[in-house]
Amino acid sequence: MIRLSTGAALGVAVIAAVATPLSAASAAPQSASTHAPASVSAAQSGADKDHAALGLSNDEKLIVRNVLTDANGTQHVRYDRTFKGLRVVGGDLIVEKTAAGQEKSVHYNASGKVAVASTTPTVTRTKAISEGRSAGKQTESPSGELVVWAGGAKPVLAYDVLVKSVRADQVPSRLHTLVDAKSGATLISYDEVQTGTGDGIFYNATLETKAHTGGGYELTDTHGNNTRDALNQGDPNTGVGPAGNLFLDSDDAWGNGAVSDRASAAVDAHYGATTTFNYYKNILGRNGIWNDGRGAPSRVHFANAMENAFWDGSQMSYGDGAGNAAPLTEIDVAGHEMSHGVTENTAALVYSGDAGGLNEATSDIFGTAVEFYANNPSDPGDYLIGEEIDLNGNGTPLRYMDKPSKDGASKDCWSSTLGQLNPHYSSGPLNHWFYLASEGSGAKTINGVAYNSPVCGTAPAVTGAGRANIEKVWYRTLSTKLTSNSNYAAARNGAIASAKELYGATSATCTAVAAAFTAIAVPAGSETCGTTPPPAGNLLLNPGFESGAVNWTGTAGPITNNTGRPARTGSWKAWLGGNGTTTTETVQQSVAIPSTVTAATLSFWLRTDTAESGSTAYDTMKVQVVDGATTTTLATYSNVGPNATYTQKSFNVLAYKGKTITVKFLMNEDSSLQTSFVVDDTALATS
């Protein structure tokens, strides 16, 4: 058992990704992504086929960066490009393929072929390096790599000048400046390292630890996330420092909730890393930052009195704050900064222009999601960024997602000049979109916090589709639609396409996603939601469980708004199982089907996850119809083949017209290892 007390905060001319059909393959909505990693080498063997399908020149080569696979076998192969051996910056693209390997569509960063007339520069490397920008005191000699820059109006030969330095706040910087190799003009500049700032220790929590070889315990969780003491020896000039000493303890009781014990900051950081990993795995189906099951190291007590925290591409580093008295280890920091790692390993959004705002907002979105997922009573989930640390000195948060302009600098609405702002401020419209799509516009109180979210201009009011749904939509957008220089227009198209794939073109989620982009003034693009209304005549009462257990009977407890498992829409659902002990649970409702109907369909959305393994069905959930003394099982689901993203199940029940039946969900769990069956948005639709 670990006592945790912590506090910290999140501190701190682009082209659109274009989706282009490749073939006449079916465009039917995809099932939700599990995003299990596929073999990069296997995908690379198909690169020549994709090269030909895209009509690229012989001077261009495709290099697989990663592969994400949906539950139905659809693959999203993310490629980088070279031209005549030169790396193409901004030339990344995503090819979507069917399970049979047939190309369906491509999401370009730089659309079509990438070529420059000559790869011989006019400007010398030395001159280009002299144009490189620095965020502070340089720590190494700058480098200048000759590349093709494909992020502008047309591809140009350029130098990628990398300057490593240290900022005034002691945080390392790796600042890239793209310099035109013909004219010497600066094309774009962005930093690899994103940071957070903060103050305080305040949480209480239980952490995963591990028995240490030789006795005692170590701060390593089941995923491999581990926490080390940098002993204030991190080099703020480069961000490089010792791996640090792994925290060890003889009795598995860590810290004292104060900075006087160095383990207090460590368990706070460890709690954040474990919780963030579990959120991505359990909610979004991503197996860690790199999607390969690896945990990430965290270093605490980095450098001396560093008032910041940062993600450097491989680990989190936390400073101890002013006077080494305020470690920056609040869970918002872990969720926000580690999400920069997820962005780096998916869309790789550059930290400049519109893409920079999307990058920063993505970390705010998933930092917020992690906070809701943690459900820590000391810090209930909210849509305020850095609300616990009082960095402003007047009790206000750093950023507001419901109305970003309340911080005095962020923007509520998109405009063509947005990309000129610092990414922390150009992130405002996407943060605003996330709130609106999740909760809707107007006044609302959530977990005791009052919000009042406006729309931009004369946009219609927005009805939210639930935060849990919108989190999944944005993750799918990030991981399967966006490329390194994507802008807000690409974000709108990608998010609507993702909502259609996950929930359907006529779903409330798709409608909310599109309406929220309209509400932040992003113009309509090529992707639209469907207009066909859902089936009418739902005979089930309280079908989404939003009124609690009203109208439903059975075992007390499964109908819940507990955030341990997400609802598909709203906050409530029926969560059967998840106990890890011998348990039987039921949820049921009686309903009369008129004799005059010509169609009757029972449907519901199901999400499953399990700690079981193998092909034996230890835990089951049956969907049943009880007609008098006769019980008919329509389907049985088990721990075998779980799907941690909601999918819809439908059954024809016209045979029961003219009868009063009971729709029943029956769950049986054995004595060890949990399986969770989560049911939401039920319907018995007739016509």
Side-chain angles (χ1 to χ4, degrees), residues 283 369 372-373 375 380-383 402 434-451 453 461-473 499 502-504 506-513 515-516 533-578 585-591 601-608 621 623 645-650 662-665 667 676-685:
I283 304 302
F372 272 101
Y373 175 78
N375 197 30
D382 55 51
Y383 293 93
D402 65 322
F434 178 70
Y435 178 88
L436 287 167
S438 299
E439 305 292 348
S441 55
K444 190 171 188 178
T445 299
I446 303 165
N447 286 344
V449 178
Y451 304 94
S453 192
V462 179
T463 299
R467 173 182 43 78
N469 286 15
I470 304 306
E471 291 170 14
K472 295 180 181 66
V473 167
L502 290 174
Y503 301 107
T506 61
S507 66
T509 299
C510 189
T511 300
V513 165
N538 189 359
L539 302 179
L540 293 176
L541 302 176
N542 187 24
F545 307 104
E546 293 305 309
S547 298
V550 175
N551 303 118
W552 295 89
T553 60
T555 309
I559 297 177
T560 179
N561 62 353
N562 185 306
T563 57
R565 295 295 185 276
R568 177 179 175 267
T569 58
S571 302
W572 291 75
K573 66 275 177 182
W575 178 3
L576 298 111
E585 295 174 343
T586 63
V587 171
Q588 58 198 43
Q589 183 177 149
S590 294
V591 59
T601 302
L602 172 65
S603 65
F604 58 92
W605 291 78
L606 177 65
R607 177 195 188 278
T608 57
M621 186 194 77
V623 183
T645 306
Y646 278 103
T647 55
Q648 191 174 38
K649 313 295 182 181
S650 299
T662 298
V663 175
K664 182 177 182 179
F665 300 94
M667 189 285 308
S676 293
F677 304 92
V678 189
V679 175
D680 203 358
D681 295 331
T682 66
L684 205 168

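Defined by atom type and a distance below 3.5 Å, a donor-acceptor pair is present between the side-chain atoms of Ser590 and Thr662.
Remark: Lys444 engages Glu439 in a salt bridge (Lys or Arg N to Asp or Glu O under 4.0 Å) (not counting sequence neighbours). Partners of Trp552 under the ring pair (Phe, Tyr, Trp, His ring centres under 6.0 Å) rule, at least two apart in sequence or in another chain, are Phe545.
Aromatic ring pairs are classed by plane angle as parallel below 30°, tilted from 30° to 60° and perpendicular above 60°; the pair Tyr435 and Tyr383 is perpendicular.
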* List the steps, then state whether side-chain contact (heavy atoms from CB on, under 4.5 Å) holds for Val678 with Met621. => CA-CA 10 Å; Val678 189; Met621 186 194 77; over 6 Å; no

* Hey, mind stepping through Phe604 and Phe665 against ring-ring contact (aromatic ring centres under 6.0 Å, His included) and telling me if it holds? -> CA-CA 11 Å; Phe604 58 92; Phe665 300 94; 5.2 Å; yes

* To do: Kindly determine whether Thr509 and Leu502 satisfy side-chain contact (heavy atoms from CB on, under 4.5 Å), including the steps that lead there.
  => CA-CA 9 Å; Thr509 299; Leu502 290 174; over 6 Å; no

* Can you check side-chain contact (heavy atoms from CB on, under 4.5 Å) on Thr682 and Val663, steps first, answer last? -> CA-CA 10 Å; Thr682 66; Val663 175; over 6 Å; no

* To do: Any chance you could lay out the side-chain contact (heavy atoms from CB on, under 4.5 Å) test for Lys573 and Trp605, step after step, and finish with the verdict?
  => CA-CA 10 Å; Lys573 66 275 177 182; Trp605 291 78; over 6 Å; no

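Put simply, the side chain of Asp382 does not reach to within 4.5 Å of the side chain of Ile446, judged on heavy atoms.
The backbone N or O of Thr553 sits nowhere less than 3.5 Å from a side-chain atom of Gln588 that would complete a donor-acceptor pair. In this structure, Tyr503 contributes its side chain and Val473 its backbone to no donor-acceptor pair below 3.5 Å. Here the side chain of Asn542 pairs no donor or acceptor atom with the backbone of Asn551 at under 3.5 angstrom.
Residue Thr463 comes nearest to Ala512 through the heavy atom pair O-CB, 3.4 Å, listed as atom of the first residue, atom of the second, then distance.
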